[in-house]
Amino acid sequence: MTWDLLLTDCRAATMADSSQPYGAIDDAAIALNGGKIAWIGPRRELPSQQATETVRLGGRWVSPGLVDCHTHLVYGGDRAAEFEQRLKGTTYEEIAKAGGGIASTVKATRAAGIDELVASAGKRLQELTAEGVTTIEIKSGYGLDLDNERKQLLAARRLGEMHPVTVRTTCLAAHALPPEFTGDSDGYIARVCDQILPAMACESLADAVDAFCEKIAFTPAQTRKVFETAKRLGLPVKLHAEQLSDQGGTQLASAFGALSCDHLEFVSDDGIAAMAKAGVVAVLLPGAFYALRETKLPPIDGFRKAGVPIAISTDHNPGTSPTLSLLLMLSMATTFFRLTPEEALQGATRHAAKALGLAASHGQLQPGMAADLAIWSIERPAELSYWFGGNPCAGIIQNGSWVKRCA
Ligand code: NIG
Ligand code: FE
């Protein structure tokens with residue numbers, strides 16, 4: 001048998017269980033075949049086997065392709081004007097209550113055609129993937145009716161076909177109350193459960209179901225209805241939980257075996273315990289923390305002590321996290337949240353894959369896993385959270401094929 005591609009003269013941050021930080025292998029060799037990792041280990045142990053192509057990486061570091069596990073990448077318009085309002089002192093909640101915020105993006109998204117959404121999100125996707133992102137989650141949640149939620153998810157699927165990246169879609173119809181349901185949030189949740197989610201499941205447009213459980217969004221009782229529907233449809237759930245206040249959404253999501261709870265600045269000790277018991281990933285979103293000038297830190301030590309895996313993501317969205325850099329999020333996760341650089345990289349690889357239900361196939365350099373690799377011009381992995389601005393990504397391989405060849 002002949003391997004498709006053999007990489008040598010590199011150092012590997014496998015992120016697999018190991019006695020070495022980062023699961024590191026010095027002087028590694030990595031063989032890829034059929035879109036999967038066929039062999040990885042110290043070069044001296046490499047079996048003698050032919051490869052169609054062999055590339056020496058000049059001592060560069062190789063990590064799993066990065067996984068951005070929480071984004072709202074597909075939307076119309078932007079919210080730069082709201083940003084200016086917030087700089088003058090209006091809060092995110094006040095803007096939302098006055099009909100701005102998410103509602104203004106809903107208006108712009110409804111007005112946009114699918115081609116326009118694919119084009120604008122495609123540009124943003126190129127920025128993200130240039131930093132070695134090979135898997136991304138994309139949520140709906142700016143359509144808020146059947147046709148427009150469907151349009152967003154179709155756009156997300158199309159992005160996955162057009163770009164060298166694995167796209168996982170999440171239906172976030174329970175993101176905000178659409179204007180036609182003002183004063184009737186129970187009525188909208190019934191619409192989500194009776195019409196929108198079943199239709200998305202029927203067309204296989206959603207890989208998971210999310211909701212926003214918050215004072216300015218939906219109650220735990222309403223969130224429960226969404227989760228019950230998801231369960232009936234056989235879809236895993238995740239939750240925007242305890243971002244602005246403690247609603248107990250984390251306990252609810254854990255009871256439904258959620259893949260992840262996301263944001264979590266206001267999560268309680270009980271919430272952490274529930275997540276630990278159910279194996280739920282804590283997805284932290286330092287971009288939203290930064291843009292909202294949040295001062296309450298997510299309880300990192302609580303997660304560590306309880307053994308809750310921590311993931312880091314961009315939460316790319318036009319309102320609270322208009323960032324196009326997952327590496328910048330690693331920097332913020334270390335500087336704001338005091339994660340170690342190793343925890344931060346785990347958060348954008350192995351734990352992020354787990355938050356998408358892809359723990360068995362993505363996020364680590366292990367035989368049998370997807371041949372998604374990022375190649376870095378760095379001397380030590382800590383540099384991935386040390387630099388902010390600039391892009392040390394020298395090469396990218398997705399599904400065994402070169403996306404970017406090393407110069
Ligand atoms: O993840 N928290 C709610 N949803 C988004 C914000 C969406 C928006 O403001 O448009 C978030 O931060
Ligand atoms: Fe979000």
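Remember, predicted model here, so these are calculated numbers, not experimental data. In listed order, ligands and their atoms are each counted from 1. In what follows, residues are counted from 1 in the order of the sequence shown.
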Ring geometry between His263 and His240 (parallel below 30°, tilted from 30 to 60°, perpendicular above 60°)
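His240 and His263: tilted rings.
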Are Asp26 and Arg11 close enough for a salt bridge, meaning some N to O gap below 4.0 Å?
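Answer for the salt bridge query: no.
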For ligand 1, which atoms sit closer than 4.0 Å to a heavy atom of [X]?
X: Asn317; answer: 5 (C), 6 (C), 7 (C), 8 (C), 9 (O), 10 (O), 11 (C), 12 (O)
X: Phe212; answer: 2 (N), 3 (C)
X: Tyr92; answer: 6 (C), 7 (C), 8 (C), 9 (O)
X: Arg79; answer: 8 (C), 9 (O), 10 (O)
X: His70; answer: 1 (O)
X: Tyr142; answer: 7 (C), 8 (C), 10 (O)

Considering only non-hydrogen protein atoms, determine which one is nearest to atom 11 (C) of ligand 1 and report residue, atom name and distance to 0.1 Å.
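So the nearest neighbour among protein heavy atoms is Asp315 OD2, 3.3 Å.
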Which residue owns the protein heavy atom closest to atom 2 (N) of ligand 1, what's the atom, and how far is it?
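Checking every protein heavy atom, the shortest distance to atom 2 (N) of ligand 1 gives Gln243 OE1, 2.7 Å.
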Which heavy atom of [X] sits nearest a heavy atom of [Y], and at what distance?
X: Glu149; Y: Cys171; value: OE1-SG, 3.9 Å
X: Asp315; Y: Ser321; value: O-CB, 3.3 Å
X: Asn391; Y: Cys393; value: OD1-N, 3.0 Å
X: Thr320; Y: Ala291; value: O-CB, 3.1 Å

Compute whether any side-chain donor of one residue and acceptor of the other, for Asp270 and Gln251, lie under 3.5 angstrom apart.
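No donor-acceptor contact under 3.5 Å links the two side chains.
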Among the N, O or S atoms that Asp315 has, which is closest to the Fe ion (ligand 2)?
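Restricting Asp315 to its N, O and S atoms, the minimum distance to the Fe ion (ligand 2) goes to OD1.
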Would the Phe218 and Phe212 ring centres measure less than 6.0 Å apart?
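No, the ring of Phe218 stays outside the 6.0 Å limit from the ring of Phe212, centre to centre.
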Would His316 and His70 count as a close aromatic pair, with their ring centres under 6.0 Å?
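Aromatic pair excluded; centres sit 6.0 Å or further apart.
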Would one find an N or O of His72, backbone or side chain, under 3.5 Å from an N or O of ligand 1?
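Checking ligand 1 against His72, an N or O pair does fall under 3.5 Å apart.
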Looking at the Fe ion (ligand 2), is there an N, O or S atom belonging to Asp262 that lies under 2.8 Å away from it?
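Checking the Fe ion (ligand 2) against Asp262, no N, O or S atom falls under 2.8 Å.
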Is the distance from the Fe ion (ligand 2) to the nearest N/O/S atom of His263 under 2.8 Å?
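Not a single backbone or side-chain N, O or S atom of His263 is under 2.8 Å from the Fe ion (ligand 2).
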To which of His175, His263, Glu214 does the heavy atom nearest atom 4 (N) of ligand 1 belong?
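When every heavy atom of His175, His263, Glu214 is considered, His175 comes closest to atom 4 (N) of ligand 1.
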Please state whether Thr105 comes within less than 4.0 angstrom of ligand 1, counting heavy atoms only.
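The answer is no: ligand 1 sits nowhere under 4.0 Å from a heavy atom of Thr105.
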